[in-house]
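Following: one structure in structure tokens, then a few remarks.
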Amino acid sequence: MRKLTTIGLAAAIVTLAACADQAPGAGQGEASATETATVAAPFGEGPPIDPAIWKEPLGPGATEIASEDGAELAFDPISPDGIGDANGIFVTAADEQTKLSERQIAWAFDIARFGGPLFVQEELVAGEAAQRELTGMGTASPGCTTVAPTEESPGELHCINEGFSLGKLSDGTEALLVEGPQATSVTWLEVATGVDDSSEVLGPAVMVMVVGPSLSFTTDRAIEAANAI
């Protein structure tokens, strides 16, 4: 069990309030096979979130599995069973376009003490690059900046809104805390184990994200859920 304390915004814990240009899709931060990583908030301030995401966090194309033990991933998933019994466990569907290292896993919950629906999502990322982005998002001033394209990555529009801050787990692990109009979340990195040799991800780490709807998943509940993993 971990304690999560906040830095910056008093008592704030994570909600995803990035602009839509920063969002690759529901719950889909991505890491390339190089040192670059894209850690983007999955929910914008535009159209309302489809409520189906709380039951199918990875979308309707994902594969539901009986246990994380049967997940075909490039890393060993970190079980969030301290939160409670999951209503469903999902992995990114295997296809020719999706590398093993790009596959994600998510657990959907509906737990009364956390206000109802929430999900936990995990994916393999390039650890050093992902940590830089998480830290940058938590410390940047609100506003949008254009990141020029490089040989490794395309140009992007990065937006930071009010509600982003950093926190630390009791073991010193840094976490991105976001509090937005649609969802509340906590995101951090864990040491990756069981990494597939073919993953090509440099300095691999597991990015863990706990997300719930802001109307019911309060900051206190988000902290408690993060502590339970």
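This structure is a prediction, so every number in the text was calculated from the model and none was measured. Below, each value reflects all heavy atoms present in this structure, side chains not excepted, and no hydrogens, waters or symmetry copies.
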Can Phe90 and Ile65 be said to form a side-chain contact (heavy atoms from CB on, under 4.5 Å), step by step? CA-CA 6 Å; Phe90 304 88; Ile65 58 177; over 6 Å; no
Run the numbers on Leu58 and Gln121 for side-chain contact (heavy atoms from CB on, under 4.5 Å), then give the verdict. CA-CA 9 Å; Leu58 299 181; Gln121 179 187 316; 4.2 Å; yes
Donor-acceptor pair, distance only, cut-off 3.5 Å: does the side chain of Arg103 make one with the backbone of Leu73? no
Will you find, in the side chains of Ser214 and Glu179, an N or O donor that is under 3.5 Å from an N or O acceptor? no
Compute the centroid of each ring, for Trp107 and then for Phe119, and state whether the two points are separated by less than 6.0 Å. no
Which residue, Val206, Val208, Val125, forms the side chain to side chain contact (heavy atoms under 4.5 Å, CB included) with Leu189? Val125
Check whether any side-chain heavy atom of Pro213 lies under 4.5 Å from a side-chain heavy atom of Trp54, and answer yes or no. yes
When rounded to the nearest 0.5 angstrom, what distance separates CD in Glu123 from CE in Met209? 7.0 Å
Please check if any side-chain donor atom of Glu174 sits under 3.5 Å from a side-chain acceptor atom of Gln131, or the reverse. yes
Going through the distances and angles, do Val91 and Gln104 end up as a side-chain contact (heavy atoms from CB on, under 4.5 Å)? CA-CA 6 Å; Val91 293; Gln104 304 168 343; over 6 Å; no
Verdict with reasoning, Glu122 to Phe75, per side-chain contact (heavy atoms from CB on, under 4.5 Å): CA-CA 10 Å; Glu122 296 177 0; Phe75 63 96; 4.1 Å; yes
Quick one: CZ on Arg113 to CZ on Arg221, what's the gap to the nearest 0.5 Å? 10.5 Å
